[in-house]
Amino acid sequence: MEIAPIKAQLEGVFACAEEKLHRLVDTHPGRFPIYTTGGKWDFSGEAWTNWCEGFLGGQLWLLHLHTGSPFWRAQAEHYSRLIEPRKADTSVHDLGFLFWPTWKRWYDLTGDESLRAVVIQAGQTMGLRFREKGGYLRSFLAEDSLFIDIMMNVGILIYAAQQTGDRALEEKGLRHCLTTRKYLVRGDGSTAHEGIFDLATGEFLRQSTQQGWRADSSWARGLAWALYGFGTVFGLTGDARFLETAEACARFYIENTPAGGVPPNDWDEPSPALPCESSAAAIAAGGLLNLARLTAGRAESSLYRETALHTLATLSGPAFLAANEPGWEGILKHGIYHQRKGLGVDESVMWGDYFFLEACYQVLHGT
Ligand code: GLY
């Protein structure tokens, strides 16, 4: 698929994002929603965990980079500064989600050392989650819990280690990736959401799930986190084992997702109440574009890129993009946060909007 036929549609995503984000920062200045309820950003619903505060700043940076507008630059800097204290937050496993879309992007744009220092501290804080017994970064939920999601956050730890020459910290990151690969990625490339370990011995006990259907099923967003995360870690380390895992996840994703490119919340759930989890599709599109670059020159590369472009064509069409719907405050419709808890089901979700915009940016700007 050529970019030309969908270029106008992807430009339309940015136009839609400008409108929706203008309204959000005007109406709720300094606030960080996670999901909508009935299409309105919901500030009173349960958060479950505080992991989304980098996605608003991340979208504002993308708007600035796309449009060159000083207004979006000022907003991006403002919303990035608001989360700076989180660089020392040991209560969540999500410091990559907070600081990669914001401070890392800001540093890459300016080369300002004081910005790099914030990114490094966030990565070092992630290192404090490492459990020697078991060899993993523990989830926010419990000491004995490893989440597949952490594959999207271990990159900032590895980056911090590489920037500071801290071999011990890098080793923790690599061990986390190998543990995740061994226990949460299955032979067919599907993934479990969570792994549970024996705290006394570090022995792996079982697979589990929080947001998927069952312990032995495949939660689509978790697999998308793995696809993108293992690819990112390969990009940082050059370790071919991680590329192999990212590609196994990509194969599973491509083989099991309907033609339009949008999976359900969990591929194994019989008769799911909702057919789509759009945020998983947006993350997978970004991860596949990244994988296409990492495998450039191989036959698979064009399959990854084609799949990503088809997915973005679907997501930027009227069924998913909330353009021309002034009553809907998010950008991308039909996402799911936490189906079991009934949070953000068939709604817009902050990370869905962010990764959608990021994937469109990758296509439009060839990054
Ligand atoms: N990291 C939490 C989620 O993907 O919902």
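This structure is a prediction, so every number in the text was calculated from the model and none was measured. We count ligands from 1, going down the list as the structure has it; atoms in each ligand are counted the same way.
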**Student:** Determine whether the side chain, the backbone, both or neither of F147 has a heavy atom under 4.0 Å from any heavy atom of ligand 1.
**Tutor:**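 Within the 4.0 Å criterion, F147 makes no contact with ligand 1.
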
**Student:** Ion pair present between E132 and R175, side-chain N to carboxylate O less than 4.0 angstrom?
**Tutor:**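 Salt bridge: yes.
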
**Student:** Can a donor-acceptor pair be found between the side chains of T102 and S80 at a distance below 3.5 Å?
**Tutor:**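 Side chains of T102 and S80: no pair found under 3.5 Å.
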
**Student:** For Q339 and E277, test the side chains for any donor-to-acceptor distance below 3.5 angstrom and give the result as yes or no.
**Tutor:**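 On atom types as modelled, these side chains do not qualify, holding no pair under 3.5 Å.
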
**Student:** Can you tell me if R73 uses its side chain to pair, donor with acceptor, with the backbone of G68 under 3.5 Å?
**Tutor:**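 Answer holds: no.
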
**Student:** W51 and ring-ring contact (aromatic ring centres under 6.0 Å, His included): which partner among F99, F140, W351, Y354?
**Tutor:**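 Answer to the ring-ring contact (aromatic ring centres under 6.0 Å, His included) test with W51 among F99, F140, W351, Y354: W351.
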
**Student:** Any nitrogen or oxygen of W351, side chain or backbone, less than 3.5 Å from one on ligand 1?
**Tutor:**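 No, no N or O pair falls under 3.5 Å.
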
**Student:** Looking at R241 and E244, does any basic side-chain N land under 4.0 Å from a carboxylate oxygen?
**Tutor:**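 Answer for the salt bridge query: no.
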
**Student:** What atoms in ligand 1 come closer than 4.0 Å to a heavy atom of Y337?
**Tutor:**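 Matching atoms, with element in brackets: 5 (O).
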
**Student:** If you measure every N or O of H93 against every N or O of ligand 1, does any of those distances drop under 3.5 Å?
**Tutor:**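 Between H93 and ligand 1, no N or O pair is found under 3.5 Å apart.
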
**Student:** Mind checking whether Q211 has an N or O less than 3.5 Å away from an N or O of ligand 1?
**Tutor:**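 By distance alone, the answer is yes.
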
**Student:** At under 4.0 Å between heavy atoms, which part of W219 makes contact with ligand 1: side chain, backbone, both or neither?
**Tutor:**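 Near ligand 1, W219 shows its side chain, while the N, CA, C and O stay back.
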
**Student:** Starting from atom 1 (N) of ligand 1, which protein heavy atom do you reach first, and at what distance in Å?
**Tutor:**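 Scanning the protein heavy atoms, the shortest distance from atom 1 (N) of ligand 1 goes to D149 OD2, 2.7 Å.
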
**Student:** So for ligand 1, is R221 a polar contact partner (N or O within less than 3.5 Å, distance only)?
**Tutor:**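 Yes; at least one N/O pair falls below 3.5 Å.
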
